[in-house]
Amino acid sequence: MSDYRKTLNLPATSFPMQAGLRVSEPLRVAWWQERRTYARRLERNRTAGPWILHDGPPYANGELHMGHFLNMVLKDVFVKIALLDGKWAEFVPGWDMHGLPIELETLKHLGIADFHAVDPLELRARCRERAIYWFERQRDVRMRMGTFGEYDRPYRTIDPQYEAVIVDAIADLVERDQIYRGLRATLWCIHDETALAEAEIEYENKTSPSIYVRFPLSSYQRAALEERLSSSGRVRADEPASILIWTTTPWTLPGNAAIALRPDAEYALYDLGDERVLVAQALAERVLGERYATATCLASVTGEQLEDLHASHPLYDHDTVIVLADYVDLETGTGAVHTAPGHGADDFETGMRYKLPILSPVDAAGRFTAEAGQYAGLPVFDANARIIGDLRARGMLWRAEDIEHSYPHCWRCHHPVIFRATAQWFISMERNDLRARALAAVDTVAYTPQWGRERQRQMIERHPEWCISRQRTWGTPIPALRCMQCERSILDARVARAAAQRFRSAGADAWWSDGVERYLPAGFACPACGGTRFEQERNIVDIWFESGVTHLAVLGRDGLSWPCDAVLEGADQYRGWFRSSLVTATAIRGAAPYKHVVKNGWVNDEQGRPMSKSRGTGIDAQEAMERYGADVLRLWAASVEFVDDVRFGPNVVEQVTRVYRNVRNRIRFMLGNLGDLPVDAIVPPERLGGLDALALAYAMQTFGEIASKYDAFDVHSAYLRTIAFESEMSALYFDAMKDPLYSRATGDPRRRRAQSVLLAALEGFLAAIAPVLSFTAEEAWQALPAHLRAGRDSVFDLSLVRVESSERTAQAWTLLRSLRARVSADGTLRDFEVAAEVMLSKEDRALLLDVFADDEHLREGLCEALVVSDVEVRDGVLTQVRNQRAHGEKCARCWKYRSLGTSAAHPDVCRECAAILDG
RNA sequence: GGGCCGUUAGCUCAGCUGGUUAGAGCGCAUGCUUGAUAAGCAUGAGGUCCCUGGUUCGAUCCCAGGACGGCCCA
């Protein structure tokens with residue numbers, strides 16, 4: 001028997017089975033850059049109109065982790081989908097580069113303990129270097145992921161033009177009277193006499209007094225309470241009654257402005273014989289102790305029903321008011337929380353909500369001021385004992401003891417810190433109906449998932465007055481002035497405009513280096529005292545404000561649309577960037593800056609727990625790409641439901657790697673069979689018939705389905721459809737076409753038709769997967785002979801296929817698949833050993849005649865599709881297949897069973913093969 | 001402690017408005033193939049649809065409670 005292998009057209013391609021992504025991907029990134037692949041496609045798409053995904057800026061500090069990878073790759077997937085759809089999908093990546101974390105890292109890097117001791121310009125220069133170091137690092141890693149974007153001109157919050165946008169936005173808000181100066185409770189170190197940020201505190205154990213205090217009710221107040229309790233006559237006017245509170249900071253009692261109750265908790269008034277006390281029912285036993293046994297519960301009511309009632313201050317001659325707060329817990333204390341807005345974060349928010357006075361009778365060194373009356377001059381912690389003594393003397397102390405608890409301390413001097421109210425700049429959520437307008441703007445936006453809208457609404461509803469000033473150095477200055485005559489702080493729009501103008505060319509450092517005159521309009525005088533001498537305030541703006549104006553800096557310019565089409569970030573941004581962007585946009589432009597908010601989930605480890613270096617499950621994006629290759633990880637990003645939290649780890653990657661190899665091999669099969677196809681031999685779709693036409697239609701409608709999944713941001717469904725498709729296509733069409741492709745003569749029309757289908761399917765497939773498997777799709781496209789690429793330099797020059805699905809096509813496909821499976825399931829006869837007897841129901845026969853036109857084509861088509869030597873078609877009640885042994889002998893070349901010996905030169909092959917061998 | 005989200009085969013996930021022998025891909029087992037070969041084809045095993053109640057003729061799907069996990073807030 002001769003070896004006819006060499007006479008066959010076996011697959012051949014330069015597209016290797018082994019991917020070697022680690023090596024090839026960085027080269028491909030450079031290749032895309034050199035060829036300006038993205039830029040050129042954008043230029044071609046320019047007239048089609050924009051589709052803009054606006055980048056929420058990552059913070060330029062530290063390595064990018066897998067959460068960044070997921071987020072950045074998904075953004076890229078959406079950009080590329082739009083690009084392949086012919087849209088002008090300009091993507092400008094951005095970075096958040098000011099702020100405390102960088103300042104702290106820089107100080108640590110420089111070994112400097114007290115930032116007051118550093119020249120601000122020097123510190124800013126060092127911070128800039130540090131931020132740029134991380135920016136460059138992150139940019140390179142982000143490009144390594146294979147993402148497209150304007151990396152030559154990203155937006156950066158530290159760039160002069162960007163700083164100018166920030167300051168102009170402040171000017172806009174000042175003009176709209178949206179900004180005011182007010183008090184805010186901040187963490188304060190009385191030892192270092194400085195405000196501290198959240199990141200600058202450490203929790204340590206501390207012993208504090210734990211006291212229960214009576215807030216007495218006057219007769220008038222008791223009457224009001226009685227009304228709410230509907231306990232007519234039971235609260236007697238002549239017996240003392242009080243509300244009990246618990247605190248571990250007695251010194252904050254002078255700052256008390258309210259008592260907070262939990263709205264949904266039950267509060268009860270207990271008669272103890274000689275007095276009556278109101279506490280949360282759930283805590284009564286613990287609070288009342290041994291007196292609980294003899295106490296009588298007179299009435300109970302929810303906290304909500306007690307709102308706005310008054311009580312008397314236990315130390316001073318003034319009232320305090322009952323307010324509601326969700327954070328009041330029923331685990332400790334009395335369920336009635338002493339609220340001092342000047343001395344606590346929660347208290348402050350509550351104070352803002354109820355417009356309570358922000359009392360903070362404490363100076364920078366932690367001593368009571370004259371406002372605190374009899375305690376003036378006392379250090380606050382020393383005052384605790386005095387206050388407890390006074391409470392006892394006035395009969396207001398219910399109980400006192402000491403407890404040890406976790407308490408915030410200064411990270412540098414390790415002294416306990418306090419909350420102290422200081423003057424800050426605020427954006428008002430109420431002026432100009434900003435909150436209401438922001439809520440209205442939410443309703444104009446689409447949310448994925450849909451509950452995101454409700455989440456966003458809540459975040460706006462609960463948005464406290466927005467404190468935008470920080471007493472730090474690494475940021476954009478708030479261009480406020482201080483009158484040197486009356487000490488008043490002044491934020492004037494004209495000054496702000498001048499600052500913006502100045503920063504646009506000189507950068508914000510100018511605020512520190514310029515004299516104040518440069519910013520003063522002609523004839524400027526203090527609106528309060530008429531003074532004319534000023535100095536610059538040294539506050540910088542909250543970085544959430546900086547990132548909240550990215551839409552002003554990036555959108556609406558160079559053809560980018562405002563609002564943008566979509567934003568995509570993690571769920572933490574409902575509170576962060578989604579919110580800050582929405583608030584600034586509503587305040588300044590009167591509308592939401594985006595049309596669609598898409599949220600991506602968190603990346604956890606394989607056990608569903610947060611990834612952590614210490615647990616050994618932490619891996620940053622760069623490491624992961626070095627280990628697995630970006631494309632495998634990009635496929636992972638598509639293989640998980642990104643809207644939910646997702647899992648990542650070696651086993652997950654292992655699995656997706658296998659899927660990747662499948663995809664790769666199916667591409668390889670198509671490429672391998674296209675090497676010899678001349679352009680003029682390509683058969684146009686309308687001249688295809690039978691199995692070819694069916695396979696092509698099936699492929700095209702699948703690509704259409706994938707495209708519509710993409711439209712809905714449903715990358716995961718597109719992924720499922722894609723892998724199901726390549727598996728289907730391989731099992732039926734590729735398998736069936738091996739015989740015609742391999743054993744027919746090179747130029748045989750049957751072979752050319754199959755090749756034409758493969759070419760069209762390959763193009764559509766590569767376009768469909770290119771948004772996700774960018775590297776592999778491009779590699780495959782470059783492995784296709786140049787004449788078949790037809791001038792389309794890159795896979796990103798292709799277009800997504802958009803065709804309607806047809807039910808008949810899917811049905812015919814499924815029918816053929818099941819017929820083929822029934823032949824293959826035969827354990828005794830191999831494919832070509834079979835002569836199949838195919839019985840078809842009436843419906844199935846009609847279905848197949850749609851595909852194969854007539855009985856003769858049907859028979860031939862089934863021979864191919866079932867990969868058997870012969871087929872006999874019969875009518876039946878049910879569709880079934882019976883395998884018979886094929887007549888004739890096995891052709892040594894094409895393996896089909898035929899009568900051999902027709903050619904004397906080649907006695908062991910069939911007539912068709914002999915003809916090919918003879919040329 | 002509060003709000004939101006999730007829990008379907010070993011893994012990643014489908015299951016539209018309650019009625020299906022609950023599906024796909026990967027993995028696994030078995031068989032075929034050795035002319036896609038560190039590939040290809042077929043078959044098969046594998047699920048108390050997190051738990052407990054309830055509504056219903058009927059619940060993976062609706063309701064209530066709980067467990068576990070995540071995010072945000074405290």
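Within every chain, numbering begins at 1; the chains are lettered A, B, ... in the order of the sequence lines, protein sequences first and strands thereafter.
For A/Leu635 and B/C13, the CG to P distance is 13 Å, given to the nearest whole Å. Protein atom CG of A/Leu732 is 13 Å distant from nucleotide atom C1' of B/A42, rounded to whole Å. A straight line from CG of A/Asp831 to P of B/U33 spans 10 Å, rounded to a whole angstrom. Distance, A/Phe642 CZ to B/C13 P: 12 Å, rounded to whole Å. Between A/Phe648 atom CZ and B/U12 atom P there is a gap of 13 Å when expressed in whole angstrom units.
Between A/Trp813 and A/Tyr698, the distance separating the two ring centers is shorter than 6.0 angstrom.
Scanning atom types as modelled, one donor and one acceptor separated by under 3.5 angstrom connect the side chain of A/Ser730 and the base of B/A36. Evaluation of atom-type donor-acceptor distances gives a pair under 3.5 Å for the side chain of A/Gln655 against the base of B/G25.
Of the candidate nucleotides B/A38, B/U12, B/C5, B/U12 has the atom lying nearest to any side-chain atom of A/Val640. Nearest nucleotide to the A/Met17 side chain, out of B/A42, B/A39, B/C13: B/A39. When distances are taken from the side chain of A/Asp735 to each of B/G40, B/A36, B/G25, the shortest belongs to B/G40. The A/Leu10 side chain lies nearest to B/G35 when the options are B/A39, B/U12, B/G35. The side chain of A/Arg661 lies closest to B/A39, out of B/G40, B/A39, B/A14. Considering only the side chain of A/Arg820, B/C41 comes nearest among B/C41, B/U33, B/C13. Between B/G35, B/C13, B/U37, one nucleotide has an atom nearer to the side chain of A/Trp895 than all others, and that is B/G35.
For A/Glu912 and A/Lys896, the salt-bridge test fails: no basic side-chain N is under 4.0 Å from an acidic carboxylate O. One finds a salt bridge joining A/Asp676 and A/Arg751 here, because a Lys/Arg side-chain nitrogen approaches an Asp/Glu carboxylate oxygen to under 4.0 Å. Under 4.0 Å is where a charged nitrogen must lie from a carboxylate oxygen, and between A/Lys709 and A/Glu705 no such pair does. Using a cut-off of 4.0 Å between Lys/Arg side-chain N and Asp/Glu carboxylate O, A/Arg575 and A/Asp572 are scored as not salt-bridged.
Nucleotides B/C72 and B/C16 have their P atoms positioned 31 Å apart, rounded to a whole Å. Comparing B/G47 with B/C32, their P atoms sit 27 Å apart, to the nearest whole Å. Nucleotides B/U33 and B/G69 are separated by 46 Å at their C1' atoms, to the nearest Å. Between the C1' atoms of B/C57 and B/A64, the separation comes to 22 Å (whole Å).
Using a 4.5 Å heavy-atom cutoff, the side chains of A/Asp692 and A/Tyr733 are in contact.
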For nucleotides 70-72 of chain B, print each protein N/O atom paired with a nucleotide N/O atom at under 3.5 Å, atom names and distance only.
from	atom 1	to	atom 2	distance (Å)
B/G70	O2'	A/Asp645	OD2	2.3

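The side-chain contact (heavy atoms from CB on, under 4.5 Å) test with A/Val328 is passed by exactly one of A/Leu261, A/Asp346, A/Val337: A/Val337.
Atom CD of A/Glu304 has 12 or fewer neighbouring heavy atoms from other residues, nucleotides or ligands inside a 6.0 Å radius.
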query: How would RNA chain B look in dot-bracket form, 5' to 3', counting Watson-Crick and G-U wobble pairs with both distances under 3.5 Å and writing | for bases paired to another strand?
result: (((((((..((((.....[...)))).(((((.......))))).....(((((..]....)))))))))))).
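The backbone N or O of A/Ala736 sits nowhere less than 3.5 Å from a side-chain atom of A/Arg820 that would complete a donor-acceptor pair.
An OP1 or OP2 oxygen of B/G25 is reached within less than 4.0 angstrom by no side-chain nitrogen or oxygen of A/Asn662. One finds no side-chain N or O of A/Arg666 lying less than 4.0 angstrom from the OP1 or OP2 phosphate oxygen of B/A36. Taking only side-chain nitrogens and oxygens, A/Arg664 never comes nearer than 4.0 Å to OP1 or OP2 of B/A36. Contact between the side-chain N/O atoms of A/Lys738 and the OP1/OP2 oxygens of B/G40 is not found at any separation under 4.0 Å. Contact check, A/Arg822 against B/U43: no side-chain N or O comes under 4.0 Å of OP1 or OP2. A close approach under 4.0 Å does not occur between any side-chain nitrogen or oxygen of A/Tyr574 and OP1 or OP2 of B/C73.
Between A/Tyr719 and B/G25, no base-stacking contact is recorded for ring centres under 5.5 Å apart and planes less than 30° from parallel.
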field: Test side chain to side chain donor-acceptor pair (under 3.5 Å) applied to A/Thr776 and A/Tyr660, step by step
entry: CA-CA 10 Å; A/Thr776 303; A/Tyr660 175 82; 2.6 Å; yes
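Position along RNA chain B of the nearest nucleotide to A/Gln18 versus A/Glu654 favours A/Glu654 as the more 5'-ward residue. Comparing A/Lys599 and A/Arg668 along RNA chain B, the residue whose closest nucleotide (by nearest heavy atom) sits nearer the 5' end is A/Lys599.
The list of salt bridge (charged side-chain N to carboxylate O under 4.0 Å, His left out) pairs with a residue in residues 754-763 of chain A, not counting sequence neighbours, reads A/Glu763-A/Arg792.
If you check every strand for non-hydrogen atoms under 4.0 Å, A/Ile723 touches sugar and phosphate atoms only.
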